Amino acid sequence: MTGGMTSGSHVLSVELLARVEGEGGMHVHVQDGEVRDVHLRIFEPPRFFEAFLRGRAYTEPPDITARICGICPVAYQMSACLAIEDACGVTVPEEIRLLRRLLYCGEWIESHALHIFMLHAPDLLGYDGAIEMARDHRELVESALRMKRAGNDLMAAVGGRSVHPVNVRVGGFHRLPTHAELAVLRPQLVAAREEAIAAVPVVSDFAFPDFEQPHLYLSLTSEHGYPLESGSLSTTAGLTAPVRDFGSHVVEQHVAHSNALHSTFDGQPYVVGPLARYSLNYASLAPLAREAAEAGGLGPTCRNPFRSIIVRTVELIHALDEAIRLIDGWQGALVAAVPVAARAGEGHGATEAPRGLLYHRYRFDDDGTILTAQIVPPTSQNQAAIEADLRAFVQANLHLSHGELTHQCEVAIRTYDPCISCATHFLDLDVERR
Amino acid sequence: MTVPPFWPPRPGSTLVVGFGAVDRGDDAVGPVVARLVSDELAAHGPTGVQVIVHDDPTALLDLIEGRDLVVVVDAVHSGSPPGTLTVREAGREGRALTTGADRGWAGTHGLGLAAMIELARSLDRLPDRVVVVGVEAAGFEHGRALSAPVVPAVAVAAGTILDILRA
């Protein structure tokens, strides 16, 4: 089909989105030049996790919830640990917090390198995917794989495995890495940092659609620097609040077209993830990362989701730099974990997964048995904003051909790096014009 | 014999890798078959074969580095009856695999096993011989055991892999 779609009835459809984690889709209905409906359809496995966590021991959520996602298991482990320790009245020693932060850097490096170069870059360079792109841009893909491997190896050294780490426990770790095990990672991380810095001109040289999202941004902010493993809630509306207040602002609700819960913050759609994190924590970036942001044409905030590839690259540089800094400063720890005794109560935990804020809440019986569990992953929180963005984007681009607009919708969704395995089970894109 | 989740790759050796998550129904078939192969190799040989289980196909590029022969066993979903075995030559001389990314079958961020093999082909990093042994799955539900049709396929798949290694 050629020409625009400013009149008549139209359906744009992509059965299954490629290059996202999990499967899913979307339905857009355009009638006489007006976008009528935008529906993101989602089935959500974490709802099952919340159910079968009930009755389990308070020590189990880090390992159980890590299985929700193969891309961000550390995020689940960290948010679970914080929530459980909050309920049990335990604050881990500084050394354990630093080691958690180091492990989290590994996950960010792995996840961001994958998304920037293998999932998002093919859209901008005009390829169907990384396989096709690799034929013409071999060095870019090889470089991405080296950066990803640096993250994998860091995860393996601190977490015991590069996927679904097994070394995390409530109160700390099962085993501390040795100085030698961390030191051996340093050259690889330094090389990866150089490669990430070298990628900034590449990822910022694309022609990005002129689009800005108006939504509220929500992220953690932390006295410990750019937020990863801990922090407080912060929004672009100026609100700051402890994590325990999450439920006072965020309301999850069922919508008819999706099994996933939609979230609103004080009644409005909101965004979590790199753009929110960056815009609320620009001053906390490592100097090298801030220089990279400037070189990439970013200011202290970014509201164009299509430019998120630059923001992710800045965060990749930050995570590599932070990992090197943490390894250089590692003094060891007296204990791998502190005791965490069961007690009745409720705890809240939130950390910054690569895709955004991940919230856990648990309520325990006096012997530590889980009575209720709530897990709010980033992609679920972003659903309403993604739909709102797509509505605005489609409305502003009805002059495009059916095929081009469909493609641009899919690209737009991928800019969020949606993790549908966390938020959903199945998604397909279906844009209807009547 | 227990197979560690990850052994450091030993370039030059033959590799058998079972991909899958052990707690997701028939997705466990790769690791289960790999463990059976490992037991048989320990008892009857041949030696010099490294057996690995892994649940992230994106690790494949690192695992295959420097190998001459790689045998990969994984659950597949093609519409065949559950338990059906498929054997595909996918190395330098083999045919390109369908990645299934356009149909949402490609796993982690669209980079599933077939996609990683084809990415390795694009980067000219594919060993001379890669054999993909697929076992048709019935389901991938969290917490489920192997389905009844897939259980008998485990021994068949392991036997097929051992025949390849002993040929």
Side-chain angles (χ1 to χ4, degrees), chain A residues 14-25 45 48-49 52 64 67-71 73 110-111 113-115 118-120 122 128-139 141-142 145-146 148-149 152-153 155-156 160-164 166 414 417-421 425-428, chain B residues 4-9 17 19-25 27-28 31 52-65 77 90 96-126 139-144:
Chain A
V14 174
E15 290 298 322
L16 285 162
L17 280 170
R19 281 178 280 139
V20 298
E21 168 67 28
E23 301 105 38
F48 305 140
F49 276 80
F52 67 65
I64 292 175
R67 289 288 171 171
I68 290 172
C69 181
I71 296 293
E110 191 180 344
S111 177
L114 181 74
H115 188 264
M118 313 293 268
L119 308 177
H120 198 165
D128 287 340
I131 298 166
E132 295 76 11
M133 189 178 77
R135 293 179 191 131
D136 298 332
H137 297 273
R138 179 172 176 161
E139 184 44 40
V141 174
E142 294 276 13
L145 291 169
R146 285 192 293 271
K148 184 176 181 300
R149 185 167 181 173
N152 285 1
D153 289 352
M155 293 262 286
R161 288 200 312 204
S162 59
V163 181
H164 296 136
V166 291
R414 273 198 290 271
D417 191 10
C419 192
I420 299 162
S421 293
H425 189 60
F426 187 91
L427 174 68
D428 66 294
Chain B
F6 183 86
W7 289 354
V17 53
F19 277 111
V22 293
D23 52 4
R24 290 204 63 172
D27 201 30
I52 289 171
V53 299
H54 212 291
D55 55 6
D56 179 10
T58 63
L60 190 72
L61 278 171
D62 293 330
L63 296 174
I64 63 178
E65 201 171 314
H77 186 208
L97 298 173
T98 303
T99 62
D102 56 336
R103 282 166 288 170
W105 296 350
T108 302
H109 278 92
L111 292 171
L113 177 60
M116 292 313 291
I117 289 173
E118 292 313 308
L119 183 58
R121 194 188 308 280
S122 290
L123 296 173
D124 198 25
R125 286 167 61 168
L126 213 52
F140 302 102
E141 296 87 355
H142 281 283
R144 290 280 175 86

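Order of the sequence lines fixes the chain letters, A, B, ..., with proteins taken first and strands second; residue numbering starts at 1 for each chain. It should be emphasised that the depicted structure is a prediction, and the values quoted were computed from it without experimental measurement. Only heavy atoms go into these numbers, but all of them, side chains included; no hydrogens, no water, no symmetry mates.
Residue B:T58 forms a side-chain contact (heavy atoms from CB on, under 4.5 Å) with just one option from A:E110, A:M118, A:K148, and that option is A:K148.
Proximity to chain A involves both the backbone and the side chain of B:L123, based on heavy atoms less than 4.5 angstrom apart.
Of all the heavy atoms in B:L119 and A:A134, the pair that sits closest is CD1-CB, 3.6 Å. A pairwise comparison of heavy atoms in B:R125 and A:L145 identifies NH1-CD1, 3.9 Å as the closest pair.
In terms of heavy-atom pairs under 4.5 angstrom with chain B, the leader among A:R135, A:E142, A:M133 is A:E142.
Every residue two or more places apart in sequence or in another chain that forms a side chain to side chain contact (heavy atoms under 4.5 Å, CB included) with B:D27 is listed here: B:A21, B:R24, B:D74, B:A75, B:F140.
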Criterion side chain to side chain contact (heavy atoms under 4.5 Å, CB included) on B:D124 and A:R138, from CA distance to verdict: CA-CA 10 Å; B:D124 198 25; A:R138 179 172 176 161; 3.7 Å; yes
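Heavy-atom neighbours of A:R67 CZ from other residues, nucleotides or ligands within 6.0 Å: above the threshold of 12.
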